[in-house]
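Below, chains carry the letters A, B, ... as their sequence lines are ordered, and counting in each starts from 1. Since we're looking at a predicted model, the values are computed, not measured.
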Number of protein chains: 2
Amino acid sequence: MLDNNSNQAAKPRMIEALSIDNVVLGIESGRLMVLTAKYNTGLAQGLWGLLGGWVAYDEPIDNAAKRILKMITGVDDLYLEQFRAFGDVKRYPAERVVTIAYYALVRPDLYNVIPGGTASHVEWRDVRNLPSLIYDHGEIVKALLLHLKSKVRHEPIGFNLLPEKFTLLQLQEVYEAILDVKLDKPNFRRKILKMNLLIDCNEKQQGVMHRAASLYRFDMVVYQKLCEHGFNFEF
Amino acid sequence: MLDNNSNQAAKPRMIEALSIDNVVLGIESGRLMVLTAKYNTGLAQGLWGLLGGWVAYDEPIDNAAKRILKMITGVDDLYLEQFRAFGDVKRYPAERVVTIAYYALVRPDLYNVIPGGTASHVEWRDVRNLPSLIYDHGEIVKALLLHLKSKVRHEPIGFNLLPEKFTLLQLQEVYEAILDVKLDKPNFRRKILKMNLLIDCNEKQQGVMHRAASLYRFDMVVYQKLCEHGFNFEF
DNA sequence: GCAAAAGTGTTAATCGTACACCCATGG
DNA sequence: CCATGGGTGTACGATTAACACTTTTGC
């Protein structure tokens with residue numbers, strides 16, 4: 001994915017048959033956005049793609065994904081999960097490279113990413129209107145969106161796309177963005193509140209030009225308990 | 001995973017940082033079983049593990065999984081899907097190897113597997129009572145079982161574990177084996193029939209010492225249509 | 001007749017859905 | 001007083017869950 005002939009000292013040994021590609025997702029004014037990077041080195045120089053890099057020889061793959069993400073964006077400590085491996089023979093032009101795709105869900109307060117490492121620029125793009133990306137990265141995004149649609153119905157991952165305190169409408173918009181549907185407001189409110197996954201912060205929204213909404217936060221403790229019994233999360 | 005110094009002619013080039021491990025699952029008298037192999041070569045010689053092997057340099061990973069499965073068991077043409085990659089640094093003792101786990105669901109008529117390739121024996125084991133397996137294979141099975149529990153609720157993969165024609169009780173037993181719960185028979189019948197995924201074969205079970213049950217088969221066409229709308233499959 | 005599984009019926013409680021409607025606030 | 005979103009009520013059909021019950025068959 002990236003240049004492997006730079007002149008750094010003590011360059012770590014990389015597994016060059018194996019890369020990581022991170023799909024970083026966020027919500028911006030109700031639209032699901034993906035972070036793309038413009039590479040300044042290697043085969044993809046000057047082109048846009050996902051946030052990728054090689055796995056080091058002595059590094060767990062989960063760590064590799066985190067390291068690459070931090071290197072390119074400066075951002076750390078976010079929801080990061082493996083999606084799956086992509087291993088068509090010709091997906092990478094120069095040689096045989098299998099990549100493991102990860103996805104990250106980003107809260108808006110971490111939106112200000114600073115390009116670094118092998119990326120000269122990073123840019124948020126609307127996932128429903130993506131330009132063409134290097135290699136099979138377009139395919140990876142498409143497959144991930146399908147996966148997310150299903151996953152968001154069974155696990156409350158949507159919360160990772162919001163600030164710690166959020167309104168019910170914001171949460172609804174996250175679900176609408178991921179599922180690409182319109183939901184009924186009263187029914188959404190009731191359903192989500194009945195799950196007991198939200199804690200009322202007893203605070204109101206500030207600086208809006210209409211009635212201020214209540215702020216809620218996600219109750220991780222209740223969630224863990226529900227998980228052990230395998231619960232449902234349908235909309 | 002396997003010996004890479006055999007004296008075959010024209011040995012293909014392998015990516016030795018990357019292996020495949022197949023978890024082959026079947027139902028036997030209502031219990032979920034997994035196929036294990038005893039290796040006759042390589043690091044794992046004499047030990048039991050999943051059905052693994054290396055990815056060839058010019059081979060898509062899905063094909064590698066299929067090829068390895070066929071080599072070890074002689075069995076072809078079954079439901080085979082990628083699970084996910086496992087990449088801890090020390091999961092494989094001799095060197096750094098990332099493995100991509102696949103899982104196969106096997107119909108009972110394909111149970112008679114013949115050990116081949118790098119396996120001297122293969123044996124079905126109860127997944128709820130597994131002996132210890134090489135490397136991280138025990139962990140892979142455990143993680144997959146959790147994944148399957150969730151997957152079976154949203155996609156009708158259970159059918160892949162049954163012969164083409166099956167009774168409703170057999171189907172129920174598949175769900176009970178995967179979910180590890182007891183289900184109510186009348187309610188299960190109604191629910192599954194209402195989905196319209198079953199075609200009545202207008203045939204009865206043979207040779208049972210009680211009232212013979214109707215045989216059904218899975219309607220792939222209706223299923224495909226439902227998939228496009230993203231449907232539910234809860235129990 | 002008995003056992004074992006097939007298959008049907010019934011009920012109460014819950015849930016999903018589609019709305020109509022009122023409330024609070026800033027401009 | 002209007003626009004905007006916050007928030008509640010309601011009513012109907014569909015779904016679920018629990019359980020009693022009848023049917024068929026081989027022994």
In terms of side-chain heavy atoms, does A:D62 have a donor or acceptor partner in A:Y102 at a distance below 3.5 Å?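 Yes.
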Can you give me every donor-acceptor pair (side chain of residues 211-221 of chain B, partner residue at least two apart or in another chain, under 3.5 Å) with its distance?
from	atom 1	to	atom 2	distance (Å)
B:S214	OG	B:K204	NZ	3.2
B:D219	OD1	B:V221	N	3.0
B:D219	OD1	B:V222	N	3.2

According to a strict under-4.0 Å criterion, is [X] in side-chain N/O contact with OP1 or OP2 of [N]?
| X | N | answer |
| --- | --- | --- |
| B:K182 | D:dA18 | no |
| A:S214 | D:dG6 | no |
| B:R189 | C:dT8 | yes |

Residue closer to the 5' end of DNA chain D, A:L169 versus B:D184 (nearest nucleotide):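 Comparing both residues, the 5'-ward one is A:L169.
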If you find the nucleotide of DNA chain D closest to B:A212 and the one closest to A:L168, which residue's nucleotide is nearer the 5' end?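 The residue mapped nearer the 5' terminus is A:L168.
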Distance under 6.0 Å and angle within 45° of the ring axis: does A:R31 meet both against A:W124?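 No, cation not above the ring by the 6.0 Å, 45° rule.
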Tell me whether the NZ or CZ atom of B:R190 lies within the 45° cone about the ring axis of B:F188 and under 6.0 Å from its centre.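 No, B:R190 and B:F188 do not form such a contact.
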Give each protein N/O atom lying under 3.5 Å from an N/O atom of nucleotides 15-17 of chain C, with the pair distance.
from	atom 1	to	atom 2	distance (Å)
C:dC15	OP2	A:K194	NZ	3.3
C:dG16	OP1	A:K191	NZ	2.9

Between atom CE in B:M209 and atom P in C:dA3, what is the gap in whole Å?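 It works out to 14 Å between those atoms.
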Between C1' on C:dG7 and NE2 on B:H210, what's the gap in Å once rounded to a whole number?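 Atom-to-atom, B:H210 to C:dG7, this comes out as 13 Å.
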Quick check: any donor-acceptor pair below 3.5 Å linking the side-chain of B:K185 to the base of C:dA6?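 Answer yes: a donor N or O sits under 3.5 Å from an acceptor.
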Nearest 0.5 Å, please: how far is CG in B:L69 from CE in B:M71?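 The CE atom of B:M71 sits 9.5 Å away from the CG atom of B:L69.
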